[in-house]
Amino acid sequence: MWKRSSVDPFVVAVDRRLGAGAERVPTDPVARREHVKAMDTAAAELLGIVPVPVATEDHLVDVADHPRVRLRVFWPGERRSEPVRAAGVPILVYFFGGSFTMGGLDWRGWDAVFRARAADAGIIVVAGEYSLAPEVRYPAQPEQCWSVFEWAAGHAAELGGDASRLAVGGASAGGNLAAAVTLMNRDRGDRPVRLQILEAPVLDLTFGHLDPWASSPALPRFVLRRSAAPVVRDYLGPRRARRREAYASPLLAKTHAGLPPALIFTAEKDVLRGDGEAYARALAAAGVPTSCVRYVGQTHGSGGYRHHTAAADHLHRDIVAGLRTLHEPATGYPAPSRPAGDRR
């Protein structure tokens, strides 16, 4: 008989080394942000994170009716690529996670991720910031991320990139925003996005797809919803109807047809795994080429434990392999023989 696994013992060992859960994290979102940023710095020291030496450059992007945002370009080598006119390397536009309330380009963990992916996949990474809640609320964040994406596509040639080889990605809350950008691109611009990569994404802010069986012991769904509610209020504000808007909850969009091929990663011991896996089913039902991989025994954040857990190293290789396909000719998957119904 199949049994649910426990958390990977290597993940447990790293958590213990980092003192995960030893200190009480503040409930105030601003205080929590500063607390977790300090933890990020300490974790980088303890885990021996050494940033890959690649060329970088910051830019500010104006956003209509919302605060302008910063982005950082990461090239695959130590010297910036020379501007080209005819051909260039693929570009990944990526958004960090942090429950919409924390994270940033200068956080050492995220900086290391962007550098490693640019170098190992041989691509340009355009990492976009967005305003943090609750100081700034939805819909500013998806609009800012859309502006970052449009900037990357519009400046591809001068960066040394190829606007016909675009990918969009994100983790956790950043996965939500990345998925929103693909919907916005379909609805507004329809640029040729070749791939979307979503890591442990949150995609339904009504909490309708939280997976109680991912916790150990299993928690009732209403308990999970109650614990997640403050984060969503910080992001969306008091208007509950916004939780069902497509750019807030991409899983609840009326249709997912016409979206780019997807590579989705979930973790067995993460209550958000239901979001990512339901989204994979919805995309496949809409005729979107989709692959979804669940990492057994892994938690929401253990993908950041590279060089300390085998699964985190494998996740990095999986993502790099997906990004390397952007160097190849586009895959012409056959269209479904008949419209697929929603099998969720």
Side-chain angles (χ1 to χ4, degrees), residues 69 71-74 76 89-98 100 103-105 107 109-130 141-142 144-153 156 159 161-163 165-186 191-203 247 250-251 256 259-267 272 275-276 279-280 283 288-293 295 300-301 303-304 306 312 315-327:
V69 290
L71 62 83
R72 181 168 295 160
V73 184
F74 297 80
V89 298
I91 297 176
L92 167 66
V93 182
Y94 196 94
F95 305 105
F96 57 81
F100 303 105
L105 300 181
W107 286 40
W110 282 117
D111 176 75
V113 167
F114 302 142
R115 290 170 179 270
R117 290 183 184 175
D120 292 351
I123 63 170
I124 294 169
V125 174
V126 175
E129 280 193 326
Y130 49 89
Q141 288 81 357
Q144 290 170 325
C145 292
W146 164 254
S147 295
V148 168
F149 169 77
E150 281 286 279
W151 184 95
L159 296 175
D162 182 350
R165 298 173 186 270
L166 292 171
V168 179
S172 192
N176 173 292
L177 293 166
V181 166
T182 66
L183 288 167
M184 297 166 91
N185 180 59
R186 181 197 64 187
R191 292 186 183 272
V193 178
R194 290 267 299 269
L195 180 67
Q196 56 176 315
I197 296 181
L198 308 179
E199 303 171 63
V202 52
L203 298 163
Y247 299 160
L251 180 52
H256 297 94
L259 294 177
L263 184 55
I264 301 172
F265 297 96
T266 66
L272 291 177
D275 282 37
Y279 200 56
L283 291 173
V288 177
T290 303
S291 174
C292 183
V293 179
Y295 273 77
H300 185 69
R306 278 191 68 207
L315 173 63
H316 174 72
R317 290 192 294 269
D318 271 355
I319 292 172
V320 167
L323 291 171
R324 283 178 177 167
T325 65
L326 298 171
H327 293 279

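Since we're looking at a predicted model, the values are computed, not measured.
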Taking the side chain as everything from C-beta on, heavy atoms only, tell me whether [X] gets closer than 4.5 Å to [Y].
{"X": "D111", "Y": "R72", "value": "yes"}
{"X": "N176", "Y": "P250", "value": "yes"}
{"X": "P260", "Y": "L195", "value": "no"}
{"X": "W151", "Y": "V73", "value": "yes"}
{"X": "L71", "Y": "V69", "value": "no"}

Exercise. With Y130, which of F96, Y94, F100, F149 fulfils ring-ring contact (aromatic ring centres under 6.0 Å, His included)?
Worked result: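 Checked F96, Y94, F100, F149 against Y130; only one passes ring-ring contact (aromatic ring centres under 6.0 Å, His included): F96.
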Let me confirm one number: the [atom1]-[atom2] distance from [X] to [Y], rounded to the nearest 0.5 Å.
{"X": "L263", "Y": "L323", "atom1": "CG", "atom2": "CG", "answer": "8.5 Å"}
{"X": "I124", "Y": "F114", "atom1": "CD1", "atom2": "CZ", "answer": "15.5 Å"}
{"X": "S172", "Y": "L198", "atom1": "OG", "atom2": "CG", "answer": "11.5 Å"}
{"X": "L326", "Y": "R165", "atom1": "CG", "atom2": "CZ", "answer": "8.0 Å"}
{"X": "L283", "Y": "T182", "atom1": "CG", "atom2": "OG1", "answer": "8.0 Å"}
{"X": "I123", "Y": "R117", "atom1": "CD1", "atom2": "CZ", "answer": "9.0 Å"}

Looking at [X] and [Y], what are the two nearest heavy atoms and their distance?
{"X": "V89", "Y": "G122", "value": "CB-O, 4.0 Å"}
{"X": "L272", "Y": "A200", "value": "CD1-O, 4.1 Å"}
{"X": "G98", "Y": "A173", "value": "N-CB, 4.2 Å"}
{"X": "G276", "Y": "T266", "value": "CA-CG2, 4.0 Å"}
{"X": "D162", "Y": "A156", "value": "C-CB, 4.2 Å"}
{"X": "A153", "Y": "L166", "value": "CB-CD1, 3.9 Å"}

Problem set entry | Under 3.5 Å donor-acceptor, H327 side chain and A121 backbone |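 Yes; at least one donor-acceptor contact below 3.5 Å.
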Exercise. Taking E129 for the side chain and L105 for the main chain, is one N or O donor matched with an acceptor at less than 3.5 Å?
Worked result: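 Answer holds: yes.
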Problem set entry | E150 and R191 ion-paired at < 4.0 Å |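 Yes, this pair counts.
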